[in-house]
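What follows is a short report on a single structure.
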Amino acid sequence: MRLFQDGWTDQDGFINIDTQQDYKLKASFRDDDEMVLDFSRAFDTCDDKDYQFDNGTTHIIYFIGEGSPSGINDIQVPTLLHGVQRVQLLKPDWPDVKMPDDVTVIDITVPSIHVPSRETTYWWYVARLPSFRTKHHVIKYEAVIDKGHEGLVHHMELFHCEVPPGTQIPEFNGPGPGKGEEKPSRLSSCQQVLGAWAMGAKAMVYPEEAGIPVGGEHFSPFVLLEIHYNNPSRIPDLVDSSGMRFYVTSKLREDDAGLLQIGLEYTDKMAIPPHQKLFTLTGYCVPQCTRVVRGIASIWNHHLCVPAHSHLTGRRMRTKHIRFGVELPEVNRDDHYSPHFQEIRRLQHPVKVLPGDALITYCDDSTFDRDHVTTGGLSIQQEMCVNYVHYYPRVKLELCKSSVDTRTLNAFFNFMSVMENEETAADKTPSDNYEKISWTPLNVHLLKALYREAPLTVLCNRSDGTSFPCDTTVVTNGRTESVTPWSSRLGEDSEGLEPGTSESLAPSASQGSRSNVKVFARFWENEPKETRVSSTSDQATDISLNASSTTADEDEKEQLQLIRRRRDMNESSSFQVTRLAIAMKAIELENTQLKSTVKELQSATKNFATKEQESDFAFSQVNAALQQQQLAIGQLQLQVSQLSTNMMKLQDENEALRAKTCLRMEDTDSSQERMMKIFKPNDQLLNVVDLMAGLQSDNSSIYSQLQALSADVIQRGAQYEEQHTALQEKVRMLQTQTTNLDSNLSKRSSALEERLTSQVNQLQQKDQELVQMVIRRTSEDLIGFHARLSQNVAGATTETLKLDVVHFNGGGGYDSTTGIFTAPVTGLYLFMATIGGVGTSTAARIYIEVNGNPLTGCYSGLENDLELATCHGANRVLKGQRIRIVKEGSSTRQIWGGNWTTFTVVLIRREPERTNNQRGVKELGLVVRLHKSVLLL
C-alpha cells in the first residue's frame, strides 16, 4: 500500500486516486515530532486533474488527522481538521541585499489609538521624520502590526507632505474623511507615497541601485500615515499602535526610486452588478499621461514590484503593457488572487516603460453570493482595482488612473430611466442610481457595453497633488481594449494631429494592427462653451483655462488652449456618437432576445398544437361515449316513463275492476283478457331489472376485490406491527445499556473531577506562590522608570517637567502627576533625559535635579526646526531622596511632545541595608551557627 499518492477532488469534495501519478517522493524522514516529505512535480503535467503551477497565488489546502490511513479512499475529509496556506510558489531569484552599517530605523506608528467599532475606518496620523540635513535613501520598509491585530489592519500607506521647508503641517490624529468627502485642505499636500503595505505583504527591500529619497535642504519632514482598519464584527475598545518601519541610509544609491498608482479611481462611478460569476473592471494609464511628464528619459522607469490591491470580491488581476498598437508581455498576472494575501511581488524580469506607453489593469470580481450591487470606493464592502508600481528612476508622476466619464454615465442613467423604466436620474449619486437598477442580463450587458465604449475621465497627477496638462477625457475601443496614443508629446509636436486619426495601441480583429480610436472631449450636454468646467467630484483634472492658474509656465497654458480647441471641435460628434452607440447596442441586444423569444414561442406553439390535436381527438371520443350513454339513458327513461304510465292505468283499471266485480261477476273472463293486455308491457320492465341485476353483479365483483385488498393490507399491517414491536424492544435494550453507560460515566467523571479539582487547587496554590515570588523578585530587582511627554509644553516658566506617559515604573517610585521620582532603595542610579525643542525663540533648557541639587543639564537651540538634545549622569541616591527634571523659564520655545522628550532613571547597583551594630550581628550569626552545630552533633 502506497502512503504517498497523487489524488484529485470532484465537485462534491471526495478524494480520488489519480490514474497518472505525477508527484515523485524523493525522501521522507522524521524531525522530532514532525513528519517531513520531500517531493517534486512538473509545473505543467498535461493532466486535466492536476493544478498548473504559475507565478500567481497558490492556495494550499491541508488536512490533519490522527493515525496513519491505509489509503486515500479511507480518509473521511469532513472529520479532519483543515486549513489553507497561500503562497507564491514560483518566485524570481533576486540576490539578497545587505544592510549598510549606518542604517537608521524609523518607526511611524499611531499613538495607541482607539479603533472605532465600525466595519471600515481610515485613520490618519500626522507624524514627523527626523531632520536629515542631507539627502538619504529608504532601502527597506515593512509593517509593524500589534500582536493579535493581523486581521484588523487591512492596508497602510505613508504619504509625504510636499510643502516648502519650514512650513508647519497641523497635528492630526483621528478618522479620515468619510465616504464621498475630500481630504482637508491643510492636508491636501500630503500625496506622495513613500510606502504602501497590504494584508499578507512582507518587507519591501529595494535593489542595491535604488532607494526612496528622503531628507535634504528642501525636504519637509512631515508625513501622513493612513491605516485602513477592517472591523467587520464591530468590536469596541480596540487599542492599536500599528504602523510602518523604515530603514534609512546616508550612503546614496545610483537612482531614486518612486511609487506609481495605476488602475481605477476610488469612485462609485464604477460598479459590479450582483450575482456575477466574474465581472471585469478595467483601469487605464493612458499614453496622453505618460507622454506629458517633463524631464523623462527615453527609458523612464524599470518596474521592480507590482503589488495588486483589491477588496473582498477580487478573484483575478493582471496588467497589460501596450506600445504603439503592439501588446508587449504582461507586466503581472494572478489568476488566483486573494484579498487576504497581497504581498509585494518582484517581477520575473525588469520591465521598461517608454513615454507614450499604456498600462491597462484588469480586475475580475465575483459577486455571485451578493444580492446588491457593489460600487467602487474605500469601504471593505466596496471595491478597488489598483496596482502600486515600485520603479526607478523616479519621475514626478504619482497617479495614472481612470474612470468612466461622468457625463456619459449620467446619460446612461437617463437612458435606463426612459427605456427600461428604472428609477434612475442624473441628479442622483452613482451609488443611488446603481441601487435602483434591476440587474437583468440585458442591463448587465448594457453596463458592460458602457464601460467598454464610453469615454474615460483620467487622473494624471504629480506627487504634490496637482495635475499634468493633458486631455482628461479619451475614448477607448472596447473590442481591443486599446487607448488613444498621440503622435508625440502635447505641444508644438502635436499640432498636426486631427481628432479621429490617431493610432491605437492594440491590434483590432477587423483591421489587423490598427483600430479606429478617436480622441473625444467630455460628454457635455446643452452647456455654453465658456461655462464648461469639470463637474466631477473624483479629483479628475479640470482642463479648462480656469485651471491653468495651478501651472507655472506658459507652455502648459498653450497646451491647455490646444486641448480645449480640440475638445470644442469634437463636442457635438462625441455626444451624438456615444448616445447612438449605447442606443444601437441596446436595440441590437433587444432584437437578439426578441428573436430568441419568438423561436421559443414558435416551438411552444407547435407543441401546443400537437397536444391540442391529441386533446381534441380524446375529447371527441369522450363526447361520443357520453352521447351513447345519454342515448341509452334516454331510452331507459322513456321505457320507465311508459312503464309508469301503464302501471298507473293498471291501478285505475284494477280499482274499476274491483268495483265491477261486486256488481258483475259475469264479466270476469273479459276482464282477465283485458288485464293480460295491460301487463303485456311488463317485458320491458323485466329488461330494466335484468340490466340493474348486471350492474349489481359488477358491484359485487368490485366489492370482492376491495375485500381481498383490505385483507392483504390487514395482513401486512400485522407484520409491520410485529417488526415495530421487535424494534421497540431493541430500543429499550439500547436505552438500558445507555443508562448503565451514563451511570458508569457519571461515576468515573465524578472521580476524575474530584482528582482534577485537587490537582487544580494544588497547581493554583503553586501558581500563587510563583506569582508572589516573581512579584517579590521583580520589586527587588527592577528599580527605575521610563516616561515621555505626550503634548507640547511651553518653556516660558520654571517648573517641574511632568512626563505623563509612563512605559515602565519598576518599584513604583515615579509619580506622573508630579513628575518626581522617589528612590525606593539606596544605590547607584543612572539618569538620562532627551529634550526636543521647536520654535524661533531662544534655546529651551532643562536640568536634572537630585534632592534639590542640579546634577546635569542640556538645551535645544536650533531655530526653525526640531533639534534633539540629550543629558545624562550617574549619582549615589539615598532611599527617599527625590529626582526630577526642571525646565528653565528663559525661553519661549516649545518643548516637543510625542516621542521626542523622554526621562529615564535606572538603578545600576543596590547598596545592602546595614544596622548600626553590624559587627554584633555577625557575631550573633556565628553563635547561632555554632549552636546549631552543637545540636546537630
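In this text, all values refer to a predicted model and were calculated from it rather than measured experimentally. Sequential numbering from 1 along the given sequence is applied to the chain's residues.
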Between T797 and K887, does the side-chain contact (heavy atoms from CB on, under 4.5 Å) criterion hold? Intermediate values first, please.
CA-CA 7 Å; T797 59; K887 64 179 182 70; 3.1 Å; yes
Give a yes or no answer on whether the side chain of [X] reaches the backbone of [Y] with a donor-acceptor pair at less than 3.5 Å.
{"X": "Y141", "Y": "A196", "value": "yes"}
{"X": "D256", "Y": "P393", "value": "no"}
{"X": "Q191", "Y": "S189", "value": "no"}
{"X": "S242", "Y": "I145", "value": "no"}

Tell me, do [X] and [Y] make a side-chain contact under 4.5 Å, heavy atoms counted?
{"X": "Q261", "Y": "Y388", "answer": "yes"}
{"X": "P213", "Y": "H137", "answer": "yes"}
{"X": "R462", "Y": "E162", "answer": "no"}
{"X": "T818", "Y": "T800", "answer": "no"}
{"X": "F246", "Y": "T104", "answer": "no"}
{"X": "L187", "Y": "V126", "answer": "yes"}
{"X": "V138", "Y": "L194", "answer": "no"}
{"X": "H160", "Y": "F219", "answer": "yes"}

To the closest 0.5 Å, what do you measure between [atom1] ([X]) and [atom2] ([Y])?
{"X": "T901", "Y": "W896", "atom1": "OG1", "atom2": "CH2", "answer": "10.0 Å"}
{"X": "S467", "Y": "L459", "atom1": "OG", "atom2": "CG", "answer": "7.0 Å"}
{"X": "L152", "Y": "D146", "atom1": "CG", "atom2": "CG", "answer": "9.0 Å"}
{"X": "H872", "Y": "T904", "atom1": "NE2", "atom2": "OG1", "answer": "12.5 Å"}
{"X": "L399", "Y": "L260", "atom1": "CG", "atom2": "CG", "answer": "7.5 Å"}
{"X": "L225", "Y": "N173", "atom1": "CG", "atom2": "CG", "answer": "9.5 Å"}

Walk me through whether Y206 and H390 qualify under side-chain contact (heavy atoms from CB on, under 4.5 Å).
CA-CA 9 Å; Y206 285 91; H390 297 74; 3.3 Å; yes
How far apart are the closest heavy atoms of [X] and [Y], and which atoms are they?
{"X": "G151", "Y": "M199", "value": "O-CE, 4.0 Å"}
{"X": "W197", "Y": "K202", "value": "CD1-O, 4.4 Å"}
{"X": "T826", "Y": "R876", "value": "CG2-NH2, 4.1 Å"}
{"X": "Y392", "Y": "P207", "value": "CE2-CG, 4.3 Å"}
{"X": "V144", "Y": "M244", "value": "CG2-C, 4.2 Å"}
{"X": "A143", "Y": "M156", "value": "CB-CE, 3.7 Å"}

Donor-acceptor pairs under 3.5 Å, side chain of residues 846-855 to any protein atom, not counting sequence neighbours: which ones?
unit_1	atom_1	unit_2	atom_2	d
E849	OE2	R884	NE	2.8
E849	OE2	R884	NH2	3.3

Could K396 and F468 be counted as a cation-pi pair, given that NZ or CZ must be under 6.0 Å from the ring centre and within 45° of the axis?
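Here K396 fails the 6.0 Å and 45° test against F468.
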Do we get R128 above W900's six-membered ring, with its NZ or CZ under 6.0 Å from the centre and within 45° of the axis?
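No; the conditions do not both hold, so R128 does not lie above the ring face of W900.
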Quick check: are there more than 12 heavy atoms from other residues, nucleotides or ligands sitting under 6.0 Å from [atom1] of [X]?
{"X": "Y859", "atom1": "OH", "answer": "no"}
{"X": "R882", "atom1": "CZ", "answer": "no"}
{"X": "Q791", "atom1": "CD", "answer": "no"}
{"X": "E799", "atom1": "CD", "answer": "yes"}
{"X": "D102", "atom1": "CG", "answer": "yes"}
{"X": "K251", "atom1": "NZ", "answer": "yes"}

Pairing residues for F785 by the ring pair (Phe, Tyr, Trp, His ring centres under 6.0 Å) criterion, not counting sequence neighbours
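So F785 forms a ring pair (Phe, Tyr, Trp, His ring centres under 6.0 Å) with Y814, F821, F903.
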For F172, give me all partners under ring pair (Phe, Tyr, Trp, His ring centres under 6.0 Å), at least two apart in sequence or on another chain.
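With neighbours one apart ignored, the set is empty.
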Y229 ring center within less than 6.0 Å of H149 ring center
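Ring centroids of H149 and Y229 are no less than 6.0 Å from each other.
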S816 side chain to D804 side chain, donor-acceptor N/O pair below 3.5 angstrom:
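Looking only at side-chain atoms, D804 and S816 do not form any donor-acceptor pair under 3.5 Å.
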Between S250 and H136, a side-chain donor and acceptor under 3.5 Å
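Short answer, no.
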Whether E208 and R253 form a salt bridge (side-chain N of Lys/Arg under 4.0 Å from carboxylate O of Asp/Glu) is what I want to check.
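E208 and R253: not salt-bridged.
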Check against side-chain contact (heavy atoms from CB on, under 4.5 Å), F222 and T167:
CA-CA 9 Å; F222 290 99; T167 303; over 6 Å; no
Are the gamma sulfurs of C400 and C460 separated by less than 2.5 Å?
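No.
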Angle between ring planes, H154 versus H228, binned at 30° and 60°: parallel, tilted or perpendicular?
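Correct class here is tilted.
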Report the C-alpha separation of Y829 and Q881 in whole Å, then their side-chain angles, then the decisive distance to 0.1 Å, and conclude whether the side-chain contact (heavy atoms from CB on, under 4.5 Å) test is met.
CA-CA 12 Å; Y829 286 82; Q881 290 186 340; over 6 Å; no
